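Some notes on the structure that comes next.
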Amino acid sequence: MTDGKTARRWRSKLVHPKVAASQDFRALVPAVHRGSTVVFDRVADARDDWRSEGYSYGLYGTPTTRELALRIADLEGARASFVVPGGQAAIALIYLTYCRAGDHALIPESAYRPNRELADELLSGLRIEVEAYDPLLGADIAKLIRPNTRLIWCESPGTITMEVQDVPAIVGAAHAAGVPVALDNTYAAGVLFDAFAHGVDVSMQALTKYVGGHSDLLLGTVSAGSEEARERVGATHRLLGLAVSPDDCALALRGLETLAVRLDRLAVTALEVARWLKARPEIELVLHPALSDCPGHEVWRRDFTGSASVFSIVFRSDWNTARVARFAETLRLFQLGFSWGGTHSLVMAYPPLPRVRRGYDGRIVRLNVGLEEPADLIADLHRALTEEP
Ligand SMILES: *Cc1c(COP(=O)(O)O)cnc(C)c1O
């Protein structure tokens, strides 16, 4: 106990100092609270209830982690959000919330690859069957729903192939059968597509991408649209021990303050670069949601309020996989790397995709534009397209 009258020797002073700075520091940004243990006045208070606003243990929330969760929930119009160590952890949390042994789930063929791998390499062993569907099937998803279907995933636009999904149509069919819908809303940064206004039950995003925005942190969120979803996700979140660093949360909070200007700038640059590529003779398709080549472009116009920094191009059939790879390696401002949403431009070339539809036989390249000058990015692309083999 801390009793001001008791004299303390120096060793005790180290852990029980009698001095403290005023906490009345009115900075414009939230403080970083690091802490595992929190202390109580009464034994009866020493209880954990994840629903309460009180703090019980750092794993279940610090003022910094909760500040981020509250701001994301407010931004997305969610009932509540839960911060997790990354986008992939958010995907795992959603599966483990909704699926049990014997259940069936549906996932678009265009989903983020590690989502599929989680299904194939881990959930299958737990007797959870995850079946891939054509991302463009819309209300026809009804035909794939079984009595044991417990979850339908959407991801729009899809990873690499960029299909924009008719989420409201899928939600309509799913809800008619009593099945909840989860959305990977990373492309939209939780703001360019309003998941909950379009009926989604639970939405996740990798804050790693646009909210972080500087390629220096890994974080994710799961947002619940209803009280029921909040109960289910919250209870599972608590059990899984998905601890996040308050320092990373502080970086994400900082990222939120500049998200609008970064997204606006990235959208303009991406469109300028995409339109330039569309006019090039080497390119067959530009899979950018705001351009008509992109499957689901009309749905994007109906449902989204903007586009982001990432899109793909498909080379004409006289370009083989090796030549496409050389193009990607020849670029200088676009560096070869995964992920997107930061300040640097990135490129990745893909072998034929293991998909029934739109596999693009090794002629697809994904580009992520950063904050460089658009004319320099275009000059870089021009050089790589026209360099003699
Ligand atoms: C990057 C990404 C994820 C995973 O996020 P991490 O934070 O890297 O785990 C999930 N979904 C999509 C669509 C992504 O692009």
Side-chain angles (χ1 to χ4, degrees), residues 65 68-69 72 76 81-96 105 107-119 121-122 130 132 135 151 153-165 167 181-193 195 200 202-223 237 240 242-245 247-249 251-252 255-256 259 263 266 270 287-289 296 300 304 307-312 337-342 344 346-348 350 353 355 364 366-370:
T65 57
L68 178 60
I72 294 287
E76 295 184 357
S81 297
F82 300 89
V83 185
V84 297
Q88 181 68 359
I91 291 168
L93 172 57
I94 289 173
Y95 274 121
L96 294 175
I107 178 181
E109 205 172 46
S110 52
Y112 180 63
R113 180 77 172 269
N115 183 331
R116 272 294 280 282
E117 289 168 352
L118 173 63
E121 294 168 30
L122 193 136
V130 181
L151 182 67
W153 272 102
C154 292
E155 181 183 320
S156 179
T159 289
I160 308 169
T161 45
M162 304 300 291
E163 296 91 342
V164 183
Q165 293 198 268
V167 173
V181 174
L183 172 71
D184 187 331
N185 206 18
T186 301
Y187 173 89
V191 291
L192 302 176
F193 177 80
V200 165
V202 59
S203 178
M204 52 74 47
Q205 62 161 317
L207 302 185
T208 309
K209 306 288 166 53
Y210 292 120
V211 173
H214 295 76
S215 313
D216 58 1
L217 94 116
L218 290 150
L219 272 183
T221 42
V222 175
S223 296
H237 176 255
L240 288 174
L242 296 166
V244 293
S245 160
D247 294 300
D248 287 345
C249 291
L251 282 177
L256 280 176
L259 178 63
L263 268 184
L266 293 171
L287 305 175
H288 183 299
W300 173 83
F304 280 68
S307 55
S309 66
V310 68
F311 63 95
S312 295
F338 291 113
S339 199
W340 35 273
H344 290 248
L346 297 169
V347 58
M348 187 53 67
Y350 293 89
L353 301 169
R355 300 178 186 179
I364 191 165
R366 185 171 71 179
L367 297 168
N368 170 67
V369 304

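The first residue in the sequence is number 1, and the count goes up from there. In each ligand, atom 1 is the first atom listed, and ligand 1 is the first ligand listed. All of these numbers come straight from a predicted model, not from anything done at the bench.
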Task: Partner of L207 under side-chain contact (heavy atoms from CB on, under 4.5 Å), chosen from L217, L68, V84 - done: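 Output: one option passes, namely L68.
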
Open item on the list: Can a donor-acceptor pair be found, under 3.5 Å and without considering hydrogens, that links the side chain of S110 to the backbone of G158?
Closed with: no

Task: Qualifying residues under ring-ring contact (aromatic ring centres under 6.0 Å, His included), relative to F193, sequence neighbours excluded - done: H198, F304

- [ ] Examine the side chains of T186 and Q205 and answer whether a donor and an acceptor come within less than 3.5 Å of each other.
- [x] no

Task: Qualifying residues under side chain to side chain donor-acceptor pair (under 3.5 Å), relative to S339, sequence neighbours excluded - done: none

Task: A69: partners by side chain to side chain contact (heavy atoms under 4.5 Å, CB included), with sequence neighbours left out - done: V83

Any protein N or O within less than 3.5 Å of an N or O in ligand 1? List each pair with its distance, or say none.
residue  : atom   : partner : partner atom : Å
ligand 1 : 5 (O)  : G87     : N            : 3.3
ligand 1 : 7 (O)  : G87     : N            : 2.7
ligand 1 : 7 (O)  : T208    : OG1          : 2.6
ligand 1 : 9 (O)  : G87     : N            : 3.1
ligand 1 : 9 (O)  : Q88     : N            : 2.9
ligand 1 : 11 (N) : D184    : OD2          : 2.6
ligand 1 : 15 (O) : K209    : NZ           : 2.5

